[in-house]
Chemist: 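Below you will find the structure I want to go over with you.
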Amino acid sequence: MKKMEISHFINTIIEEDIRTGKHKRAITRFPPEPNGLLHLGHARAIITNYTMAKNHGGYFNLRFDDTNPVKEDISFVEAIKKDIAWLGCEWKNLFFASDYFEEMYKRAVLLIENGKAFVDDLTADEIKEYRGNLTTPGKNSPYRERTIEENLKLFKNMRDGVYPDSSKVLRVKIDMTSPNMNMRDPIIYRIQRAHHHNTGDKWCIYPMYDYAHPIEDAIEGITHSLCSLEFEDHRPLYDWVVKNCEMENIPRQIEFGKLRIVGAVGGKRYIKQLVDGKKVMGWDDPRLITLSGLRRRGVPSEAITDFIHALGLPKSQGETEIDMLDQIIREHLASTAPRTNAILDPLKLVIDNYPEDKVEYLEAENNRDNEELGTRLIPFSKYVFIEREDFIEQKPNKKWKRLALGIEVRLMHAYFVKANSIVRDEKGNITEVHCTYDIETKSGSGFKDRKPNGNIHYVDATHNLPAEIRLFDDLILENMGKDIPYVDKVNPDSLIIKNGFIEENMDPQVGDRFQFTRNGYFCVDKDTTKDLLVFNRIVSLRSSYKKK
RNA sequence: UGGGCUAUGGCCAAGUGGUUAAGGCACCGGACUUUGACUCCGGGAUCGAUAGUUCGACUCUAUCUAGCCCAGCCA
């Protein structure tokens, strides 16, 4: 694997902080909310935080940001941990934001004592109205000037469950006329009677993200809190909370651009819609760019980390083509995945001059670039399957490097065969191609008297294993317009199932990866049963073949 | 019409006043080939626009344009 040079603006900032003695090392974190699974976009945040800590003598924490029990589900916690571990980003500490509820409460009391927070009785609609909008400033709440004593009592009552849900909130006093909406006296606590996976029914008030997050970072001694660009406008508030809550450690939030993939469903909420709407097999559907989906598809996690590093860490807002990831995946698999033959769309070839009951076993390398993977024996008999697309009746032009009537090709690892005639069914479809082989041309014999019109692969028709082979295409039809929800734009052909055959000489386990000759890289899917192998195509091979 | 951020070839992206403007992906040629794979050769941008500063600007200044984000008691 190529070593990636890491030199982006955040790396520069951290190096500078260490050089000037501001910090001795970088301590970072990744703070997912357990309300869904992680996707490729999160991989940038995870890998960036992890790598910066690792490269700068520090460590990386995993912290579940579980401050809103109505939206969260403990079941996602284990799945998220599995994804992050899969990426190889080891966390030093595993924390939950809810571990800090008591501390957060105390800091809120401190804010009230210092006259910096107040309990507001305005309704949600009134708060919205008082907030103003993008172009007009907001107005102070009529409750803003309550006395410290009254606020203290009210806030304690909020905690003690005296008031109904949503009847009061705790707000911080900043500036209702700020052009930054986040600074218009933001709400930091709401009343919400909901069972929390960690704290049970202990609390009926929960802190808001903008208040909780900086405190979490500060408590953990995070030095650099790396997140995506949409939190840029929140940074002044983040800094305000750290300062006014009198936190000892002062973390710094730095934002980078979000990773978007052309044509992919990005964003947890959209993926969730597809999962909940049963439009996909689940969070781990191989057509999804969730980490679990990519893993199930067969993508090596190293390819993902390489991909993230290769992209760099810009603040610009582009859309990356998935081809870049595909090529990195191929590079990872090229020398590690054993080759085998598989026929996805079989066409029977009958070798007329080959003995009826004979079966030969021909030796083949499992990977020409990696001798350690050894060799295998491939059966060969009078009846073999080739790909239907590898045969055409009349060779159309000199570019055609496959089989055609009167044309001779090599069956890889076996012999030259020449097609002589075809058999059709009553509908006119070709059901068999009859040909003759030349025993002189056996693979490995060194035969050089003439060149075949190409090399095609085969699977013996009498000795093989049937397999279900799944091919994937874009999940979403983009040409339907961007106002249509994803659930209504699912490409019906995004999953193509082929019932094909693979070599009989294997006993693949779920997760094993192979290169199917000329068809791409494939991985054994978890749907495999003892009766039927199921493969996912991870990526196709590149092809320079152009029709015409 | 408020604020924040961004703008280098089809895509991603180096570059921080003087370089023939890196590299990867994609694409197009060609060589090689028992995978139309791999590998190998070759191909293309004047840097959102305009006006300045300067001997000299992708890099500095001003103005403009375009895109993204912000008006949850979500994160």
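The analysis underlying the following values was restricted to heavy atoms, covering all of them including side chains, and did not include hydrogens, waters or symmetry mates.
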Chemist: Distance check, C1' atoms only: B/C58 and B/A71, in whole angstrom units.
Modeler: 37 Å
Chemist: Among residues at least two apart in sequence or on other chains, which ones pass ring pair (Phe, Tyr, Trp, His ring centres under 6.0 Å) with A/Tyr238?
Modeler: none
Chemist: Does a side-chain N or O from A/Ser316 land closer than 4.0 Å to OP1 or OP2 of B/A13, or not?
Modeler: yes
Chemist: If you compare every side-chain N and O of A/Arg368 against the phosphate oxygens of B/U35 (OP1, OP2), does one of them come in below 4.0 Å?
Modeler: yes
Chemist: Give each protein N/O atom lying under 3.5 Å from an N/O atom of nucleotides 39-42 of chain B, with the pair distance.
Modeler:
none

Chemist: Does A/Arg190 have a side-chain nitrogen or oxygen under 4.0 Å from the phosphate oxygens OP1 or OP2 of B/C74?
Modeler: yes
Chemist: In terms of side-chain geometry, is the basic nitrogen of A/Glu232 or A/Lys315 positioned less than 4.0 Å from the acidic oxygen of its partner?
Modeler: yes
Chemist: State which of B/G36, B/A13, B/C74 makes the closest approach to the side chain of A/Ser543.
Modeler: B/G36
Chemist: With syn defined as a glycosidic angle within 90° of 0 and anti as the rest, where does B/G10 land?
Modeler: anti
Chemist: Closest to the A/Met181 side chain: B/A75, B/A71, B/C25?
Modeler: B/A71
Chemist: Distance check: side-chain N/O of A/Thr517 vs OP1/OP2 of B/A37, anything under 4.0 Å?
Modeler: no
Chemist: Of the listed nucleotides (B/C74, B/A37, B/G2), which one gets closest to any side-chain atom of A/Ser544?
Modeler: B/A37
Chemist: Expressed as a whole number of Å, how far does the C1' atom of B/A45 sit from that of B/G9?
Modeler: 4 Å
Chemist: Expressed as a whole number of Å, how far does the C1' atom of B/A26 sit from that of B/A51?
Modeler: 37 Å
Chemist: Taking the P atom in each of B/C69 and B/A31, what is the distance between them to the nearest angstrom?
Modeler: 48 Å
Chemist: Taking any strand in view, what nucleotide pairs with B/U46 in a Watson-Crick or G-U wobble way, both distances under 3.5 Å?
Modeler: none
Chemist: Which nucleotide in the list B/G2, B/C12, B/A71 gets nearest to the side chain of A/Leu311?
Modeler: B/C12
Chemist: Could you check which of B/G36, B/C11, B/A26 has an atom nearest any side-chain atom of A/Arg402?
Modeler: B/G36
Chemist: Is the shortest distance from a Lys or Arg side-chain nitrogen in A/Glu220 or A/Arg29 to a carboxylate oxygen in the other one below 4.0 Å?
Modeler: no
Chemist: Does A/Tyr209 have any ring pair (Phe, Tyr, Trp, His ring centres under 6.0 Å) partners at least two apart in sequence or in another chain, and if so, which?
Modeler: A/His213, A/Phe231
Chemist: Listed in order of residue number, which residues of residues 126-138 of chain A have a non-hydrogen atom at under 4.0 Å from RNA chain B?
Modeler: A/Ile127, A/Lys128, A/Arg131, A/Gly132, A/Asn133, A/Leu134, A/Thr135
Chemist: Rounding to an integer number of angstrom, what distance separates B/G29 and B/U34 when you compare their C1' atoms?
Modeler: 25 Å
Chemist: List the residues meeting side chain to side chain donor-acceptor pair (under 3.5 Å) with A/Arg19, not counting sequence neighbours, and say none if there are none.
Modeler: A/Glu16
Chemist: Mind checking what makes ring pair (Phe, Tyr, Trp, His ring centres under 6.0 Å) contact with A/Phe391, not counting sequence neighbours?
Modeler: none
Chemist: Which of these passes ring-ring contact (aromatic ring centres under 6.0 Å, His included) with A/Phe516: A/Tyr521, A/Phe501, A/Phe522?
Modeler: A/Phe522
Chemist: What's the closest nucleotide to the A/Lys315 side chain, out of B/A26, B/G67, B/C5?
Modeler: B/C5
Chemist: Between B/A37 and B/C32, how far apart are the P atoms? Round to whole Å, please.
Modeler: 14 Å
Chemist: For A/Tyr354 versus A/Glu360, what's the shortest heavy-atom pair and its separation?
Modeler: OH-OE2, 2.7 Å
Chemist: Looking at the side chain of A/Ala124, which of B/C73, B/A75, B/A71 is the nearest nucleotide?
Modeler: B/C73
Chemist: Does B/U61 have a Watson-Crick or wobble partner in any strand here, with both distances under 3.5 angstrom, and which is it?
Modeler: B/A51
Chemist: How far does the P atom of B/U59 sit from the matching atom of B/U53, given to the nearest Å?
Modeler: 15 Å
Chemist: Measure from the side-chain heavy atoms of A/Gln317 and tell me the nearest of B/A26, B/A71, B/U6.
Modeler: B/U6
Chemist: C1' atom, B/U61 versus B/U54: distance in rounded Å?
Modeler: 12 Å
Chemist: Tell me what A/Pro314 touches on the nucleic acid: a base, only sugar-phosphate, or nothing, going by heavy atoms under 4.0 Å.
Modeler: sugar-phosphate
Chemist: For B/G10, which nucleotide in any strand shown is its Watson-Crick or wobble partner with both distances under 3.5 Å?
Modeler: B/C25
Chemist: Hey, could you give me each pair passing salt bridge (Lys or Arg N to Asp or Glu O under 4.0 Å) that has a residue in residues 369-378 of chain A? Not counting sequence neighbours.
Modeler: A/Arg376-A/Glu503
Chemist: What's A/Leu122 touching, base or sugar-phosphate or nothing? Going by heavy atoms closer than 4.0 Å.
Modeler: base
Chemist: So which one's nearest nucleotide on RNA chain B is more toward 5', A/Asp210 or A/Thr12?
Modeler: A/Thr12
Chemist: Does any pair with a residue in residues 251-263 of chain A pass salt bridge (Lys or Arg N to Asp or Glu O under 4.0 Å), and if so which ones, sequence neighbours excluded?
Modeler: A/Glu230-A/Lys258, A/Arg235-A/Glu255
Chemist: Just compare B/G72, B/C73, B/G36 and give me whichever is closest to any side-chain atom of A/Lys71.
Modeler: B/G72
Chemist: Is a side-chain N or O of A/Asn341 found less than 3.5 angstrom from the main chain of A/Ile502, in a donor-acceptor match?
Modeler: no
Chemist: According to the Watson-Crick and G-U wobble definitions, with both distances under 3.5 Å, which nucleotide is paired to B/C32?
Modeler: none
Chemist: For RNA chain B, whose closest nucleotide is more 5', that of A/Phe231 or that of A/Asn182?
Modeler: A/Asn182
Chemist: Let me check something: any side-chain donor-acceptor pairs from residues 177-195 of chain A under 3.5 Å, sequence neighbours excluded? List them with distances.
Modeler:
residue: A/Thr177; atom: OG1; partner: A/Asp175; partner atom: OD1; Å: 2.7
residue: A/Thr177; atom: OG1; partner: A/Asp175; partner atom: OD2; Å: 3.3
residue: A/Ser178; atom: OG; partner: A/Asn180; partner atom: N; Å: 3.0
residue: A/Ser178; atom: OG; partner: A/Asn180; partner atom: O; Å: 3.3
residue: A/Asn180; atom: OD1; partner: A/Asn182; partner atom: N; Å: 3.0
residue: A/Asn180; atom: OD1; partner: A/Asn182; partner atom: ND2; Å: 3.1
residue: A/Asn180; atom: ND2; partner: A/Asp233; partner atom: O; Å: 2.8
residue: A/Asn182; atom: ND2; partner: A/Asp233; partner atom: O; Å: 3.1
residue: A/Arg184; atom: NE; partner: A/Arg131; partner atom: O; Å: 3.0
residue: A/Arg184; atom: NE; partner: A/Met176; partner atom: O; Å: 3.4
residue: A/Arg184; atom: NH1; partner: A/Ser178; partner atom: O; Å: 2.4
residue: A/Arg184; atom: NH2; partner: A/Arg131; partner atom: O; Å: 3.1
residue: A/Arg184; atom: NH2; partner: A/Asn133; partner atom: O; Å: 2.8
residue: A/Arg184; atom: NH2; partner: A/Thr136; partner atom: O; Å: 2.9
residue: A/Asp185; atom: OD1; partner: A/Arg144; partner atom: NH2; Å: 3.1
residue: A/Asp185; atom: OD1; partner: A/Ile174; partner atom: N; Å: 2.7
residue: A/Asp185; atom: OD2; partner: A/Arg144; partner atom: NE; Å: 2.7
residue: A/Asp185; atom: OD2; partner: A/Arg144; partner atom: NH2; Å: 3.4
residue: A/Tyr189; atom: OH; partner: A/Tyr105; partner atom: N; Å: 3.3
residue: A/Arg190; atom: NH1; partner: A/Pro207; partner atom: O; Å: 2.8
residue: A/Arg193; atom: NE; partner: A/Asp165; partner atom: OD1; Å: 2.9
residue: A/Arg193; atom: NH1; partner: A/Gly161; partner atom: O; Å: 3.4
residue: A/Arg193; atom: NH2; partner: A/Tyr163; partner atom: O; Å: 2.0
residue: A/His195; atom: ND1; partner: A/Asp201; partner atom: OD1; Å: 3.0
residue: A/His195; atom: ND1; partner: A/Asp201; partner atom: OD2; Å: 3.4

Chemist: Please tell me which of the listed nucleotides, B/U35, B/C69, B/A75, lies nearest to the side chain of A/Asp233?
Modeler: B/C69
Chemist: Atom CG of A/Asn455 to atom P of B/C38: distance rounded to whole Å?
Modeler: 16 Å
Chemist: When both hydrogen-bonding distances must be under 3.5 Å and the geometry is Watson-Crick or G-U wobble, what is B/A37 paired with, if anything?
Modeler: none
